[in-house]
Amino acid sequence: MQKGLLIIYTGNGKGKTTAALGLVLRARGHGMRVCVVQFIKGKWQYGEIEGLSLLGELVELHIFGKGFTWLSKDMEKDKEAARYAFDFAKEAVCSGKYDMVVMDEFTYLINYKIIDEKDAVEFLVNRPKDVHVVITGRGASNALIEIADLVTQMQDIKHPYTIGIKAQKGIEF
Ligand code: ATP
Ligand code: MG
């Protein structure tokens with residue numbers, strides 16, 4: 001590997017997490033070791049959890065947190081869980097055990113000021129040079145975009161949800 005890339009999938013359109021999973025699939029095909037860290041519990045569904053487990057031990061999935069939404073009854077606890085998840089992800093990136101680390105829905109930690117943007121940027125910039133990091137989530141901040149090597153914004157043009165078509169297996173979960 002020549003250079004670990006910082007890759008961001010952001011925007012309001014559907015496809016951010018699934019794009020990250022596409023990279024996981026591709027990397028796994030090369031025998032690369034992948035760690036997927038899920039920052040919002042509940043977003044991950046049976047389909048992707050089972051699907052990743054089929055990829056074997058080269059691909060790990062760690063689901064953290066309770067969601068840290070403003071609807072939560074115990075915001076402090078949720079924030080703590082999210083910070084713990086960030087610590088876990090940092091360790092994974094620095095461990096030398098993985099070629100790729102996915103930080104799914106990570107943008108929200110910065111957007112809701114659960115972690116300090118400066119800390120996140122400093123960590124990502126100074127991470128080991130050979131690890132690919134893939135971040136997903138709406139509203140990636142300017143600072144994240146600036147330090148990234150690859151940024152794709154999913155644009156919401158049409159979604160079946162808006163005409164009342166419910167979430168379907170294999171597409172949403
Ligand atoms: P996916 O996991 O399908 O790649 P995503 O990661 O881009 O989607 P998230 O913001 O994480 O999107 O939201 C996950 C859920 O919300 C999915 O079930 C997805 O279909 C749905 N969703 C994403 N974008 C839209 C949209 N523009 N309108 C309605 N629902 C959406
Ligand atoms: Mg997502």
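Read the numbers this way: they start at 1 and go in the same order the structure lists the ligands and their atoms. Just so you know, these numbers use all the heavy atoms, side chains as well, and skip hydrogens, waters and symmetry mates.
- Distance alone, capped at 3.5 Å, is enough to place a donor-acceptor pair between the T136 side chain and the E105 backbone.
- Against a heavy-atom cut-off of under 4.0 Å, T18 is close to the following atoms of ligand 1: 1 (P), 4 (O).
- Only the side chain of R138 comes within 4.0 Å of ligand 1, counting heavy atoms alone; its backbone N, CA, C and O stay farther away.
- Between the Mg ion (ligand 2) and T136 there is no N/O/S contact shorter than 2.8 Å.
- Looking at D104, T10, T17, it is T17 that brings a heavy atom closest to atom 6 (O) of ligand 1.
- The Mg ion (ligand 2) lies closest to atom OE2 when only the N/O/S atoms of E105 are considered.
- The distance criterion of under 3.5 Å between nitrogen or oxygen atoms is not met by Y161 with respect to ligand 1.
- Ring geometry, F64 versus F88: the interplanar angle falls from 30° to 60°, so the pair is classed tilted.
- A donor-acceptor contact shorter than 3.5 Å is absent between the side chain of H132 and the backbone of G4.
- Counting heavy atoms under 4.0 Å from ligand 1, residue T136 does not touch it at all.
- Side-chain contact between I40 and Y108 is present, with heavy atoms from C-beta onward closer than 4.5 Å.
- Residue nearest to atom 21 (C) of ligand 1, selected from Q155, E172, K16, M154: E172 (by heavy-atom distance).
- Of all atoms in ligand 1, listed by their number and element, those nearer than 4.0 Å to a heavy atom of E105 are 11 (O).
- A distance-only check finds no donor-acceptor pair linking the side chain of K113 to the backbone of I110 [under 3.5 Å].
- Using modelled atom types, one side-chain atom of R83 and one backbone atom of I114 make a donor-acceptor pair closer than 3.5 Å.
- Both the backbone and the side chain of K14 come within 4.0 Å of ligand 1, counting heavy atoms alone.
- Taking a cut-off of under 4.0 Å to the non-hydrogen atoms of D156, the atoms of ligand 1 that pass are 27 (N).
- Side chain of N111 to main chain of G139: a donor-acceptor pair is present (N/O by atom type, distance under 3.5 Å, no hydrogens or angles).
- With ligand atoms numbered from 1 in the order given, ligand 1 contributes 1 (P), 4 (O), 5 (P), 7 (O), 8 (O) to contacts under 4.0 Å with heavy atoms of G15.
- Near G13, meaning under 4.0 Å from any of its heavy atoms, are these atoms of ligand 1: 7 (O), 24 (N).
- For residues 147-164, the pairs satisfying side-chain hydrogen bond (donor to acceptor under 3.5 Å, both in side chains) are K3-D149, with sequence neighbours left out.
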> Under the side-chain contact (heavy atoms from CB on, under 4.5 Å) criterion, do L61 and I49 qualify, and how do the steps go?
Replying inline: CA-CA 8 Å; L61 169 62; I49 294 170; 3.9 Å; yes
